[in-house]
Every structure is written in C-alpha cells, then in structure tokens.
Student: 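Before we start, here is the structure in question, set down as structure tokens.
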Amino acid sequence: METSAAKHNYRLDGADQRPVLVVLHQETSTPGRVGQVLEQHGVRLDIRRPVMGDPLPETLEGHRGAVVFGGPPSANDTDAHLVREVDWMDVPLREEKPFLGICLGAQMLAKHLGASVGPHPEGLAEVGYYPLRPTTEGRLLMPHWPGMVYQWHREGFELPSGARRLAEGDWYPNQAFSYGKAAYGVQFHAELTLAMMHRWTTRGHERLNLAGAQGRRQHFDGRAIYDAPVRRWLEEFLARIFGEPKNS
C-alpha cells in the first residue's frame with residue numbers, strides 16, 4: 001500500500017543506513033508515531049535519554065539527522081543535562097544536519113537561537129486539539145497541513161531572529177518554524193499515538209484542569225475526527241526533512 005510519503009515529491013527510505021538520533025526526556029518515553037513512520041520506511045533509530053545519563057554525540061557525522069522530543073521540563077530549567085542539551089543544538093545547526101524539535105525540543109531550539117520561552121500572557125494552556133494555520137512559507141514547503149493538531153503545553157516560544165514561521169495558532173502564534181537549511185521546530189504533537197493519549201491523559205490528568213485545556217473525552221473525540229490529516233502531514237514532513245527529492 002502506497003503511503004502519502006511515497007506520493008510526495010520527497011522519498012523516505014533506508015538507502016542512507018545511518019540512524020536518526022532520537023532524544024527523549026523521560027525513562028518511559030517513546031518516539032511514538034515519528035519512530036513508527038521512520039522505521040516503516042527503513043530508517044534506523046539511535047535513542048538517547050540524557051536524563052538517564054546518555055551522552056549526545058559531539059558530531060552528527062554518523063547520523064542522518066536528529067529529532068528532539070517533548071517532555072515535562074521547561075526549556076528554561078537549569079538542570080545540567082537540559083542546559084547541555086540546549087547548548088548541544090549547535091551541533092546540528094553548525095553541521096546543517098536535518099533536525100526536528102517537537103514541543104520542548106522546538107522550545108529548546110528557539111532558546112538556543114536566542115528567542116524567549118515562556119507561558120501565555122493570560123495563563124492559557126493548549127491541552128487537546130486546537131486550530132493550525134500554515135503561513136505562505138509553510139504552504140510553499142509542504143502541500144498538506146492539518147487544520148487541527150494535538151497540543152500538550154503551557155509554554156510557547158518567540159520566533160527566533162532569522163527563522164521562518166511555517167504555521168501559527170490562535171493562542172500561541174508560533175506553531176512551526178524553520179531555521180537555516182535543515183532545522184525545524186513544531187509546537188504540536190503529530191507523533192502522538194492512541195496509547196500515548198491514554199498515558200498522557202491518565203498520568204498527566206492534572207493538566208486537563210489548566211485554563212484553556214480540554215476535557216479528556218474531547219481529546220479522544222478529537223483524535224477520531226482530526227487524526228488522519230495529521231498522520232498524512234507527518235509522513236510528508238518527515239520525508240521532507242530526512243528524505244531525498246524523488247528525482248535525485
């Protein structure tokens with residue numbers, strides 16, 4: 001069965017046998033659907049958890065790129081491993097390696113680039129499904145963007161100087177951006193699987209009471225309605241970042 005990544009003008013396969021570096025922020029975290037899509041296309045993963053003492057490589061020469069995921073910390077936290085991780089982002093930027101930051105990962109990238117990270121001025125959190133609008137730059141980069149995406153955050157980031165906004169939202173205007181030749185950050189969670197939604201809304205149930213958050217039932221109803229376009233976008237986006245042009 002042909003996937004949407006195969007229909008896009010970028011192909012994602014295992015021809016480059018180097019793994020994608022995956023950075024997770026909890027012992028029990030998984031790369032979710034990002035990991036599933038990459039592995040389905042023959043891409044290997046090298047999973048590291050700095051919070052558990054795993055080192056990050058001094059160069060990405062042995063990797064085809066990196067994905068830094070979300071997690072409970074703030075990009076402003078001063079834990080030694082988090083400070084080192086923000087500093088480490090100089091490696092993919094300097095080497096112009098494909099890089100994707102998701103939620104906390106995007107906030108860390110923005111912080112590394114000198115932008116501020118912090119809560120909504122009115123204390124609003126996005127926890128559930130919220131509207132997403134691609135910018136002109138976003139439409140030029142990607143043919144299909146979902147209209148609703150899953151969120152799980154109470155901090156956002158300013159757009160770094162020199163970055164290009166790819167998508168925006170109502171409460172948190174910076175939802176996706178690109179920087180340089182190969183770095184991307186997204187605030188939302190296209191990697192979410194159904195199992196992850198069960199875990200997050202159970203173990204993190206206190207976040208459902210934050211101002212602006214949606215009730216648990218709305219999360220599952222939203223997934224049934226909105227998830228198909230999100231998956232299509234994710235496959236195309238990962239092919240765009242970690243794949244090659246189909247005519248190459």
Side-chain angles (χ1 to χ4, degrees), residues 19-32 34-35 45-121 125-126 151-167 169 172-191 200 204 207 237-238 241-242:
V20 167
L21 178 70
V22 169
V23 181
L24 302 175
H25 296 106
Q26 296 183 92
E27 183 179 1
T28 57
S29 295
T30 75
V34 165
L45 308 179
D46 175 9
I47 296 176
R48 311 277 183 104
R49 293 178 171 85
V51 69
M52 303 299 295
D54 294 342
L56 295 176
E58 295 181 3
T59 175
L60 285 175
E61 185 176 334
H63 295 81
R64 65 193 286 176
V67 184
V68 175
F69 283 79
S74 167
N76 297 316
D77 288 348
T78 57
D79 303 70
H81 70 276
L82 293 172
V83 173
R84 285 195 300 269
E85 190 175 329
V86 172
D87 291 342
W88 173 84
M89 292 186 178
D90 182 61
V91 173
L93 293 174
R94 185 180 66 249
E95 297 180 354
E96 296 184 335
K97 284 286 192 169
F99 176 89
L100 172 60
I102 299 173
C103 196
L104 173 60
Q107 295 168 2
M108 286 179 152
L109 176 61
K111 184 177 179 67
H112 178 85
L113 293 170
S116 62
V117 176
H120 189 275
E126 289 183 321
Q151 306 275 13
W152 192 274
H153 68 100
R154 51 185 170 184
E155 289 190 324
F157 53 84
E158 296 297 322
L159 188 68
S161 176
R164 295 171 294 279
R165 183 185 289 115
L166 303 178
Y172 289 82
N174 299 310
Q175 290 289 336
F177 72 96
S178 64
Y179 184 86
K181 292 184 177 181
Y184 299 86
V186 298
Q187 180 63 73
F188 52 92
H189 291 280
E191 85 280 11
W200 291 12
R207 293 214 173 188
F237 197 52
L238 292 175
I241 298 174
F242 298 106

Student: Any donor and acceptor pair, going by atom type alone, linking the side chain of Asp90 with main-chain N or O of Asp87 inside 3.5 Å?
Tutor: no
Student: I want to know whether Tyr184 and Phe237 have ring centres closer than 6.0 Å.
Tutor: yes
Student: When you compare the side chain of Ile241 with that of Phe99, does any pair of heavy atoms fall below 4.5 Å?
Tutor: no
Student: Applying side-chain contact (heavy atoms from CB on, under 4.5 Å) between Leu100 and each of Val68, Leu238, Leu109, report the one that passes.
Tutor: Leu238
Student: About how many Å separate CH2 of Trp88 and CG of Leu56, when rounded to the nearest 0.5 Å?
Tutor: 5.5 Å
Student: Rounded to the nearest 0.5 Å, what separates atom CZ in Arg165 from atom CZ in Phe177?
Tutor: 11.0 Å
Student: Step by step, would you call Val20 with Val34 a side-chain contact (heavy atoms from CB on, under 4.5 Å)?
Tutor: CA-CA 11 Å; Val20 167; Val34 165; over 6 Å; no
Student: Which value, rounded to the nearest 0.5 Å, describes the distance between Ile47 atom CD1 and Leu21 atom CG?
Tutor: 10.0 Å
Student: If we only count heavy atoms from C-beta on, is the Leu104 to Pro73 side-chain gap below 4.5 Å?
Tutor: yes
Student: Are any side-chain N or O atoms of Asp46 and backbone N or O atoms of Val22, one a donor and one an acceptor, separated by less than 3.5 Å?
Tutor: no
Student: Would you please indicate if the ring centroids of Phe69 and His25 are separated by under 6.0 Å?
Tutor: no
Student: Between His189 and Glu191, is any side-chain donor less than 3.5 angstrom from a side-chain acceptor?
Tutor: yes
Student: Sequence neighbours excluded, which residues qualify as salt bridge (charged side-chain N to carboxylate O under 4.0 Å, His left out) partners of Arg49?
Tutor: none
Student: Salt bridge (charged side-chain N to carboxylate O under 4.0 Å, His left out) with Glu158: which residues, sequence neighbours excluded?
Tutor: none
Student: Taking C-beta and beyond as the side chain, do Pro19 and Leu45 meet within less than 4.5 Å on heavy atoms?
Tutor: no
Student: Going by side chain to side chain donor-acceptor pair (under 3.5 Å), name the residues that satisfy it together with Asp54, two or more places apart in sequence or in a different chain.
Tutor: none
Student: For the residue pair His153 and Tyr172, does the interplanar ring angle fall in the parallel (under 30°), tilted (30 to 60°) or perpendicular (over 60°) class?
Tutor: perpendicular
Student: Can you check whether Cys103's main-chain N or O pairs, donor with acceptor, with Trp152's side chain at less than 3.5 Å?
Tutor: no
Student: Just so I know, are the side chains of Val23 and Glu85 near enough to count as touching, which here means a heavy-atom distance under 4.5 Å?
Tutor: yes
Student: For Glu155 and Gln187, which I'm curious about, is there any donor-acceptor pair between the side chains at under 3.5 Å?
Tutor: no
Student: Just so I know, are the side chains of Pro98 and Arg64 near enough to count as touching, which here means a heavy-atom distance under 4.5 Å?
Tutor: no
Student: Over all heavy atoms of both residues, which pair between Ser29 and Leu24 is shortest? Give the atoms and the distance, please.
Tutor: O-CD1, 3.3 Å
Student: Mark yes or no for whether Glu95, through its side chain, and Leu60, through its backbone, hold a donor-acceptor pair below 3.5 Å.
Tutor: yes
Student: Would you check if the side chain of Arg164 reaches a backbone N or O of Gly180 as a donor-acceptor pair within less than 3.5 Å?
Tutor: yes
Student: Decide yes or no on side-chain contact (heavy atoms from CB on, under 4.5 Å) for Phe157 and Lys111, but give the supporting numbers first.
Tutor: CA-CA 8 Å; Phe157 53 84; Lys111 184 177 179 67; over 6 Å; no
Student: So, taking the atom named NE2 in His112 and the one named CE in Met89, what distance separates them when rounded to the nearest 0.5 Å?
Tutor: 8.5 Å
